Amino acid sequence: MKAKAKPAKPSAPHRQSISQHLRYSLGTPEKHATLPSLYEATALAVRDHLIDKMMETEARYEKKKAKRVYYLSLEFLMGRSLGNNLYNLGLFEDFAQSLTDMGADIDEVRAQEHDAALGNGGLGRLAACFLDSMATLGLAGYGYGINYEFGLFKQEIDNGYQKEKPDNWLGDGTPWQITRPQEQCIIPVYGRIVHAKDRDGNYNPMWMDWKTLIGVPHDMPVAGYGGNTVNTLRLYAAKSSDDFDMDIFNTGDYLRAVEQKMTSETVSKVLYPSDAMESGRELRLVQEYFFVACAIRDIVNRHLKNYKTFNTFADRVAIQLNDTHPALAVAELMRLLVDEHALSWDRAWTITRATFAYTNHTLLPEALEKWPVGLMEYVLPRHMQIIFEINHRFLDEVKAKWPGDTGRLAAMSIIEESHPRQVRMAHLAIIGSHSVNGVAALHSELVKTELLPDFYALYPKRFNNKTNGVTPRRWLYKANPDLTSLITRHIGDSWVTQMDRIADLAPLSRDAAFQDEFAAVKRANKEVLAQTIWDTCRLTVSPDSLFTIHAKRIHEYKRQLLCLLHIIHQYLEIAEGGKTPEVPRTYIFAGKAAPGYEAAKRIIKLINSVAETVNSDERVGDALKVAFIPDYRVSLAEKIIPAADLSVQISTAGKEASGTGNMKFAMNGALTIGTLDGANIEIMEEVGEENIFIFGLTAGEVQAIRASHNYRPWEIAETNPAIKRVLDALGTGRFSPDAPGRFIPVCESLLSKYDPYLHLADLSAYITAQEQVEACYATPDIWMEKAILNVARMGKFSSDRTIMEYAKDIWNATPQV
Ligand SMILES: *Cc1c(COP(=O)(O)O)cnc(C)c1O
């Protein structure tokens, strides 16, 4: 909520603290404070509160012998922290007042903060929402990850093309972290195995001649709503050991020794910018191992400090693997227990399995992580041995269950016998865990029936579903303060921590006065976004038009192209058919393409080319506008989402595991146009079929078409003149007069029987659904009723609900309040 206009307190409580940080942390007298230094000092003042609460929280967990939950993730897409921490600590208005007294505006101060973009998209943002929920619920939850020096690249648009710029978000450091050099840990890597025997003559391999990496923890406090609990996100930076390579040093090759040091510090230098798999890159493998090895040491040390024994380890510790990126943790815990703490293999394995749980995030075959055996042996010789041993014992289990079934053996092995041989990380994660979950009901079913049917047959009880959620604190309370105050004025604020209570809004959905207020909030949010579009794109859009928003990573399966084909259709109807649409429309895109993903980058160029053509065609006027807002990130999403009338969620059915953008939009009163994919299905079940625009093939129908090898998109184009006209316009350079052939590859992929995303199969149904949208929007009271009901029926999609399910079903952990 905005600072209410209440009388200034005689002494605003936090002014002194901000002023002291200006003076003693930054060396700046208050009268010389600039906006960046005010931001820094304010953040440090808030950090003081966080640290007090963090220490109280840790003491409480120790006293209560809380079960600790560790969320291992290579990505945490945190966004900005200042506003979020102030809201969650309940200090927003006090700090706003203090800054006002100092002659500053809190919104301008907040805008100084650089997003912490330590993630690509949905997977990383899920981790961030989960941290918020664990802290709000009072669960002893810790995040573990990498403190990348460079987060996800910044996107600029140059002549319609994406250009990547480095994101040096840390700069001279961030006020939100506490660096703990005294808790650094030593991580061995590379080297060789000596096949020795112990005193009793048992095989006792020794890992020799390894290099060392040093992991330095940087702790980010994570405040729960209400401020009672402040948990920790521990991010490791890689440092070289001072004696990294004494051999080189001693030979007098000083410069080469320093170069070696620099190489080891590259381990935490940069986030890999692809949301699919990074295949075969040695640095990525070292990143995955590095952070997992740091985390496991820390987790084991904390446990031993409190309990002295491994007997209780799995009762006191749960570790969740966010996708397979941290799957090496299974091998690392085994190595620690067996090699360093001398547990028997069987005992170590029982503990390991009872500790780990794995979340699968994708069905796309190209995103399933595999590493060449040779690379793994080179980087992690002892871990590779351990993986072979795990696999050997596992295959015995498979042989016992299905004697003589060699096909199944090959399919289930951790090792894929290809050239080169590969380690299948998902198999390692499944075998080493007691729980495997998908992230939406449909996805979890497909994991069992399509992706991993053999594992499901072997371990049916291990598989379960945990439908994703998002934190209502960031995505409603903070992102949409006007809607928050409207809701709270009518039904109170219990929904902030008990999202089911948002259902109390439903009876107001047909109340004309409430509808007017709701519409006014939406309108104001659209004005703010219209200003952003002007600032970033130099394009004027009308807040009275229907804002249709497609914002997410650019990927073929998410089908930005389908959205574009409809826009081109509508454009040609207006420009050539002389038809005016029922309502003026503004189409807004945002999203980054992975730098090496050519097809996705071409889609960005096409969006910008269509925008240029449409926006400058006099025949179109204000009926149609298209905008691409650059540099999609959390802070931009917080501005875009509250301004949406229509949320575009049109992935090919069966391809989007869950989606979380879909939830954020609906929570802010956008209606959804979407396919029966991921969590869209559950959103439809909650809001009711009459309050969402569902169209297109089902996952089953998509599968049937693929299986029949009978997809004939060119026939669709021949028999549907509107679709043919769209493709002709694309293929003949209508949107690329400077290079008429530029978008021929797009046409070819759409017309190919191999188009895995079946764009043309869904286009006609999509156009029809968009006509229904326009008819509905033309009747504002009906539209508003639906929009309000969408908000009221989003209770299920709070990440608090998701986290309570993980806590009960997987972690056996309870809130410690
Ligand atoms: C929520 C979010 C995503 C995920 O969006 P999907 O539509 O689920 O793919 C990606 N990026 C940012 C910045 C987000 O906030």
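As the structure lists them, so they are numbered: ligands from 1, and atoms in each ligand from 1. Computed from a predicted structure; not experimentally measured. The figures that follow rest on heavy atoms only: side chains count, while hydrogens, waters and symmetry mates do not.
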Asks: Using a 3.5 Å cut-off and no angle test, enumerate the donor-acceptor pairs between side-chain atoms of residues 73-84 and protein atoms at least two apart in sequence or in another chain.
Replies:
from  : atom 1 : to     : atom 2 : distance (Å)
Ser73 : OG     : Glu75  : N      : 3.2
Ser73 : OG     : Glu75  : O      : 2.6
Ser73 : OG     : Asn322 : ND2    : 3.0
Glu75 : OE1    : Asn120 : N      : 2.7
Glu75 : OE2    : Asn120 : ND2    : 3.0
Arg80 : NE     : Glu113 : O      : 2.8

Asks: Please list, chain by chain and in numerical order, all residues satisfying side chain to side chain contact (heavy atoms under 4.5 Å, CB included) with Lys448, sequence neighbours excluded.
Replies: Glu445, Tyr456, Phe463
Asks: Assign the ring pair Tyr477 / Tyr225 to parallel, tilted or perpendicular, where the plane angle (0 to 90°) is split at 30° and 60°.
Replies: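 Aromatic pair Tyr477/Tyr225 classed perpendicular.
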Asks: Please confirm whether Phe130 and Tyr71 have ring centers closer than 6.0 angstrom.
Replies: yes
Asks: Applying side chain to side chain contact (heavy atoms under 4.5 Å, CB included), name anything that partners Ile640, two or more places apart in sequence or on another chain.
Replies: Leu529, Ile549, Ala590, Ile629, Tyr632, Leu636
Asks: Short N or O contacts of ligand 1 with protein, under 3.5 Å, listed by atom name?
Replies:
from     : atom 1 : to     : atom 2 : distance (Å)
ligand 1 : 7 (O)  : Lys552 : NZ     : 2.7
ligand 1 : 8 (O)  : Thr660 : N      : 2.8
ligand 1 : 8 (O)  : Gly661 : N      : 3.0
ligand 1 : 9 (O)  : Lys558 : NZ     : 2.8
ligand 1 : 15 (O) : Lys664 : NZ     : 2.6

Asks: Does the pair Glu156/Lys163 count as a salt bridge with the N-to-O cut at 4.0 Å?
Replies: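 Looking at Lys163 together with Glu156, the answer is no, because their closest N to O distance does not fall below 4.0 Å.
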